[in-house]
Amino acid sequence: ALGAVRQPRERSALRHARTDELEEPGVRHGRARAPGEPAAVEVQGAARPGLAEQVAAILAAKPAVGNAAKSESPVLPEVARQKVGEFVGVKQALEIDGESLLAAAVDDKVLLLDKDGKIRQTFKTSGQVGAICYWPERKILLAGSVDEKLRAFALDGRQLWEFTSRMPDGVKHERMWWAKGALPGVSGIAVAELAPGRPLIFVGGAGTLEILDADGKLLKRHFQEWGRFEEFTLLPAHGKEPASMLSWGYMVGHPAVYRYKENLQRGYLDLSSAKDGSFMGGFGFGYVGRNALRVTRLEPGGPERLAGTFNGTFNRVMVWDLEGQVLHEADLGVGIRAFSGNYAQYMFRGSNIRGFELPDFDGNGQKSIAVGVNRKFVTAFDAKLQSRFFHPLPADPLTLAVIPGPSGDRLAVGCVDGTVAVIDGKGEITAKAQIEGQITLLQAIGDRLLAGTDHGEIVVFGI
């Protein structure tokens, strides 16, 4: 089953993972090799601790993987389907008056969908939507579009206010991907209170971070080097550190994480090194970004942790403490460089790690870390990043989603060939379906799984 993952003339994410191909610790690239000695990964730096153990665990699961891959899985029943536009993009799960709903970006609008895929409300903008954020305390939907507009909507569809994003004045744009001219659009939105009673709206874009008050008025505008910033992570207060907002991006010159506290000044959180101290941004134009950074409690009663990834020329799944100290890592090997992709179509960006979820497979509060990899497989790790399962897929994955359940979560995987698969905690496919188009969105709501496609369809499955 592992062999089926590899493609002709294509680097595998597990290439050079055999123990006889690993460099010895401290040996730099370019050393002479003895006759017949296999070539090592030509990377300057220390060998990657723990990689051999991770791959050994994956290979140990090979018989079970092979049997699961060959067996016929039950069909995931389709219960509804509708054409809603040309492209289904980013999403935001939300709850209104006790009902779970989904906000999905479709072209130049946001659709509010119920679990059966029925449209409850439409929020119209003036350009392709690439960022959504729901503000539950105010019952406001925030939508950002490619024309640099941020709009606030009431749930009845009325526009409440509008803000136009722009870059700071007097900034020298040393790289074209640092500038909105080359990478336009509002790319990320978050709302948080860093001080009690003072909600702030954070707006991310290429080279730019803007902080607004609750009415959409600009409080602070900062330049952020290294690329477009699509994501935010709220870091809770811990020890003597107050709460802060982290800003980060999918593709940057190096995997920078900017940090903003109550005073709204720009700072940093150093999450740019591997466990052995190797700087993950030190490979020139190697394009190492990240695809995920979440605060989570991986074990019942345990401390909160940061869990995330490095993605690009080198790929790792990581766990840090809230101070930024590396606790655990799993190395997924080399890959393609991390390019950010077209606006609002981030699932199609140059990415090796696709999807990142934290399912509780056993229903006991112990979370796993699950990722899809663009070498046609999905894999899951425990809280210490030891391998839990590895499962090959019929095509490269694009997106993942957790399906909650009373006895444990399941994992939904959407692939580039239209495959939608449901995987249990043993790494076995328990149901699957095939639809037209590439799967750009997955979201479980109650007993339904909603899938969006690059053909502009929403397909609803019973789970």
Side-chain angles (χ1 to χ4, degrees), residues 1-25 27-29 38-62 65 250-251 254-255 272-292 307-319 326 328-339 349-356 369-381 384-393 396-397 400 427:
L2 185 63
V5 174
R6 300 185 177 181
Q7 302 299 309
R9 299 182 180 273
E10 188 176 58
R11 279 191 175 182
S12 166
L14 293 177
R15 187 174 179 178
H16 306 301
R18 300 202 326 262
T19 55
D20 63 343
E21 291 181 332
L22 293 177
E23 290 187 335
E24 295 178 358
V27 176
R28 299 167 64 92
H29 73 284
V41 182
E42 294 194 352
V43 176
Q44 182 171 335
R48 297 167 290 191
L51 175 58
E53 290 80 5
Q54 292 294 326
V55 174
I58 290 173
L59 294 175
K62 184 176 179 180
V65 169
Y250 299 138
M251 186 287 289
H254 69 74
S272 297
S273 297
K275 192 173 184 180
D276 65 358
S278 299
F279 178 50
M280 296 301 288
F283 306 104
F285 289 94
Y287 298 100
V288 177
R290 64 181 82 243
N291 281 3
T309 64
F310 290 116
N311 172 75
T313 306
F314 300 93
N315 303 273
R316 301 188 184 189
V317 181
M318 308 290 296
V319 175
V326 177
H328 311 291
E329 67 179 5
D331 193 324
L332 295 176
V334 298
I336 58 175
R337 295 183 297 174
F339 293 110
R349 65 188 180 273
S351 181
N352 305 288
I353 300 175
R354 298 177 176 179
F356 179 96
I369 299 175
V371 295
V373 180
N374 74 337
R375 294 298 183 263
K376 298 183 181 180
F377 70 86
V378 61
T379 186
F381 303 91
K384 292 181 172 56
L385 293 184
Q386 298 303 301
S387 181
R388 178 177 178 126
F389 68 72
F390 167 96
H391 199 293
L393 298 167
D396 286 339
L400 306 181

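All heavy atoms count here, side chains included; hydrogens, waters and symmetry mates do not.
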Shortest non-hydrogen pair, Ile353 vs Phe310, comes out as CD1-O, 3.5 Å
Original post:
Should Val378 and Pro397 count as side-chain neighbours, where that means a heavy-atom distance under 4.5 Å?
Top reply: no
- Would you sort out whether Arg290 and Asn311 count as a side chain to side chain contact (heavy atoms under 4.5 Å, CB included), showing the intermediate values? CA-CA 5 Å; Arg290 64 181 82 243; Asn311 172 75; 5.8 Å; no
Practice task
Decide yes or no for Val319 and Glu329: does some side-chain heavy atom of the first lie under 4.5 Å from some side-chain heavy atom of the second?
Solution key: no
Closest non-hydrogen atoms of Leu332 and Phe381, given as atom of the first, atom of the second and distance, are CD2-CZ, 4.3 Å
Given the options Asn374, Val371, Val334, Thr313, Asn352 meets side chain to side chain contact (heavy atoms under 4.5 Å, CB included) only with Asn374
Of all heavy-atom pairs linking Ala292 and Phe356, the shortest is CB-CG, 3.3 Å
inquiry  = Pairing donors with acceptors under 3.5 angstrom, does anything connect the side chains of Asp276 and Ser278?
reply    = yes
Shortest non-hydrogen pair, Ile336 vs Arg375, comes out as CG2-NH2, 4.4 Å
Taking the side chain as C-beta and beyond, is there a heavy-atom pair between Val326 and Met318 under 4.5 Å?
yes
Problem set entry | Arg349 and Tyr250, any side-chain heavy atoms less than 4.5 Å apart | yes
query = Are any of the side-chain nitrogens in Arg316 or Asp331 under 4.0 Å away from the carboxylate oxygens of its partner?
reply = yes
Closest non-hydrogen atoms of Pro255 and Ser272, given as atom of the first, atom of the second and distance, are O-OG, 3.2 Å
